[in-house]
Colleague: 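My questions will all concern the structure given below.
Per chain, numbering begins at 1; letters A, B, ... match sequence-line order.
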Amino acid sequence: MNAPDRYERFVVPEGTKKVSYERDTKIVNAASFTIEREDHTIGNIVRMQLHRDPNVLFAGYKLPHPLQYKIIVRIHTTSQSSPTQAYSQAISDLDKELEYLKQAFEDEKNRREQRQELP
Amino acid sequence: MDRPAAGASYQRFPRVRIRELRDDYAKFELRDTDASMANALRRVMIAEVPTVAIDLVEIEVNSSVLNDEFIAHRLGLIPLTSAAAMQMRFSRDCDACDGDGSCEYCSVEFHLAARAESDQTLEVTSNDLRSNDPKVCPVDQARAYQQALSGSDFDPNTGDQRGILIVKLRRGQELRLRAIARKGIGKDHAKWSPAATVTFMYEPDIRINEELMETLTLDEKRSWVESSPTKVFAIDPITEQVRVADAEEYTYDDEVIKKAEAMGKPGLVEINAKEDSFIFTVETTGAITAYELIMNAITVLRQKLDAVRLQDDDGDLGELDAHLGGP
């Protein structure tokens with residue numbers, strides 16, 4: 001009856017930004033990114049990718065509440081980098097990894113088909 | 001501590017080996033990446049790869065024993081061929097129509113009309129659905145059509161040719177309806193999920209301490225091998241040595257380790273999960289092929305990552321400007 005629409009789980013409401021960030025007022029090079037309508041799928045891969053960056057001192061994400069469809073990613077970096085830079089780098093590294101993975105799948109499938117054509 | 005300058009890439013280069021690939025089943029190894037990536041792919045395959053499913057049903061006549069909502073729900077759960085779903089539009093952001101399903105970009109119309117005339121019970125199945133788009137139809141119909149094309153005669157071993165049962169009608173009962181199928185994702189409703197099962201496991205690394213194993217008698221070896229609930233180990237009938245029969249049968253149950261300790265032989269076997277090596281099993285409903293499911297999952301995940309990229313006008317840049325321009 002008064003249940004919220006199911007699509008509210010993954011459609012960003014009008015007038016809301018997908019990603020917004022707020023810098024920490026007390027610590028330099030620390031910031032929290034709020035990502036709307038995302039969950040553990042994005043949160044966890046971004047966090048793990050940030051951990052690969054030696055300039056990142058801390059990276060974590062949380063899903064504050066199961067009915068609030070957003071995640072908060074917190075990043076703390078050294079002075080050599082910045083949270084926005086580390087975040088953007090992590091996203092492009094993940095994107096390139098997936099591009100590579102897609103190609104790897106296509107190549108593997110072609111190799112298999114060639115193997116099967118041979119007697 | 002020496003740290004590289006910011007802006008360096010920490011990209012990984014995963015390796016893939018496909019073990020088995022059929023239309024609705026795939027088994028493959030994924031290496032040189034971590035559990036977060038494996039789990040993201042699994043989650044996307046289950047809940048975010050789009051398919052087409054019946055979403056809106058207009059019932060004209062229904063004198064069957066099932067009520068209208070019941071039938072509408074059953075229609076929704078029928079898997080429809082969705083190879084074109086990635087190129088379709090979601091009806092909510094389709095601008096060619098007002099989302100009422102009257103447009104070719106976001107919807108497919110189905111008709112069903114059945115009436116039991118004889119004394120025999122009439123089974124209304126997914127084969128009675130008539131689609132107005134040949135690309136989108138119930139998966140059984142598509143399979144029967146393909147078999148007819150390839151010239152192979154009716155083969156009862158390839159599966160059930162009767163389609164998916166919707167409702168049974170008694171003499172005089174009738175069902176007539178119009179249904180609209182739309183693109184959607186499993187996150188919205190499970191009927192849109194193309195995945196029957198998607199699982200992954202860590203590849204186990206099993207090392208038997210051969211020296212310690214040789215101190216066991218054949219009977220002790222047998223009882224140790226049998227302590228595993230799955231057939232991971234076996235005894236070579238000729239050499240009477242214990243060997244790993246199938247490492248992937250291991251369910252990380254620790255039974256063999258406990259058994260070794262109980263026998264007073266701790267360290268008889270060492271089993272570790274390889275943290276960067278996964279074995280995936282993917283099964284689909286037939287809406288798309290297993291290979292399409294994997295490829296679409298990668299595409300969808302890339303689109304999601306693209307959507308969470310920082311835009312120029314994000315965050316507190318106003319404050320940053322104040323810092324830069326300040327006294």
Colleague: Any idea which of D107(A), D39(A), T84(A) has the most non-hydrogen atom pairs under 4.5 angstrom with chain B?
Modeller: D39(A)
Colleague: Can you confirm whether D23(B) is buried at CG, in the sense that more than 12 heavy atoms of other residues, nucleotides or ligands lie under 6.0 Å from that atom?
Modeller: no
Colleague: Checking heavy atoms, do the side chain of T34(A), its backbone, both or neither come under 4.5 Å from chain B?
Modeller: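 Looking at T34(A), nothing touches chain B.
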Colleague: Side chain, backbone, both or neither: which part of E97(A) has a heavy atom under 4.5 Å from chain B?
Modeller: both
Colleague: Looking at H189(B), I'd like to know if its NE2 atom is crowded, meaning that more than 12 non-hydrogen atoms belonging to other residues, nucleotides or ligands lie closer than 6.0 Å.
Modeller: yes
Colleague: Chain B heavy atoms under 4.5 Å from I42(A): which part of the residue, side chain, backbone, both or neither?
Modeller: side chain
Colleague: Does any backbone or side-chain atom of V12(A) lie under 4.5 Å from a heavy atom of chain B? Answer side chain, backbone, both or neither.
Modeller: neither
Colleague: To check you understand the geometry: which heavy-atom pair defines the closest contact between V16(B) and A104(A), and what is its length?
Modeller: CG2-CB, 4.3 Å
Colleague: Given the options V11(A), I45(A), D5(A), which has more heavy-atom pairs under 4.5 Å with chain B than any of the others?
Modeller: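 Maximum pair count with chain B is reached by I45(A).
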Colleague: Could you grab the distance from atom NZ of K304(B) to atom CG of D95(A), nearest 0.5 Å is fine?
Modeller: 14.0 Å
Colleague: Any side-chain heavy atom of R15(B) within less than 4.5 Å of one from Y100(A)?
Modeller: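 Of all side-chain heavy-atom pairs linking Y100(A) with R15(B), none is under 4.5 Å.
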Colleague: If you round to the nearest 0.5 Å, how far is CG of L101(A) from CG of L41(B)?
Modeller: 6.0 Å
Colleague: Is the NZ atom of K274(B) crowded by more than 12 outside heavy atoms at less than 6.0 Å?
Modeller: yes
Colleague: Using a 4.5 Å cut-off on heavy atoms from C-beta on, say whether the side chain of K102(A) contacts that of T299(B).
Modeller: yes
Colleague: Determine, step by step, whether L310(B) and I91(A) satisfy the side-chain contact (heavy atoms from CB on, under 4.5 Å) criterion, reporting the C-alpha distance in whole Å, the side-chain angles of both residues, the deciding distance to 0.1 Å, and the verdict.
Modeller: CA-CA 9 Å; L310(B) 278 176; I91(A) 303 266; over 6 Å; no
Colleague: Heavy atoms only, distances under 4.5 angstrom: which of E38(A), E99(A), M48(A) has the most pairs with chain B? Name it, please.
Modeller: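 It is E99(A).
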Colleague: At a heavy-atom separation under 4.5 Å, does R112(A) approach chain B through its side chain, its backbone, both, or neither?
Modeller: side chain
Colleague: Looking at L30(B), I294(B), D93(B), V44(B), which makes the most heavy-atom pairs under 4.5 Å with chain A?
Modeller: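 Of the options given, most contacts go to I294(B).
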Colleague: How about F90(B) and Y7(A): are their ring centroids closer than 6.0 Å?
Modeller: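 So the answer is no for these two rings.
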Colleague: Between D93(A) and Y10(B) (side chain of the first, backbone of the second, donor and acceptor by atom type, cut-off under 3.5 Å), is there such a pair?
Modeller: yes
Colleague: Using a cut-off of under 4.5 Å for heavy-atom pairs, which of D306(B), T33(B), L21(B), L305(B) has the most such pairs with chain A?
Modeller: L305(B)
Colleague: Go through the atoms of S92(A) and report whether side chain, backbone, both or neither lie under 4.5 Å from a heavy atom of chain B.
Modeller: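 Backbone plus side chain of S92(A), per the 4.5 Å heavy-atom cut-off to chain B.
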Colleague: Please state whether the side chain, the backbone, both or neither of R17(B) comes within less than 4.5 Å of a heavy atom of chain A.
Modeller: both
Colleague: By a 4.5 Å heavy-atom criterion (distance strictly below it), what part of Y87(A) contacts chain B: side chain, backbone, both, or neither?
Modeller: side chain
Colleague: Considering only heavy atoms, which portion of D34(B) lies under 4.5 Å from any heavy atom of chain A: side chain, backbone, both, or neither?
Modeller: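 Looking at D34(B), just its side chain touches chain A.
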Colleague: Starting at CD of E108(A), measure out to OH of Y291(B) and round the result to the nearest 0.5 Å.
Modeller: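 These two atoms lie 10.0 Å from each other.
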Colleague: Determine, stepwise, if the pair K17(A) / Q311(B) fulfils side-chain contact (heavy atoms from CB on, under 4.5 Å).
Modeller: CA-CA 10 Å; K17(A) 269 205 209 124; Q311(B) 303 299 316; over 6 Å; no
Colleague: Which atoms of I35(A) come close to chain B, meaning under 4.5 Å heavy atom to heavy atom: side chain ones, backbone ones, both, or neither?
Modeller: side chain
Colleague: So which heavy atom on R9(A) is nearest to which on K187(B), and how close?
Modeller: NH1-O, 3.1 Å
Colleague: Kindly give the heavy-atom pair with the smallest separation between L98(A) and M37(B), and that separation in Å.
Modeller: CD2-SD, 3.9 Å
Colleague: For S9(B) versus K96(A), what's the shortest heavy-atom pair and its separation?
Modeller: OG-NZ, 3.8 Å
Colleague: Less than 4.5 Å to any heavy atom of chain B: does that hold for the side chain of Q49(A), its backbone, both, or neither?
Modeller: side chain
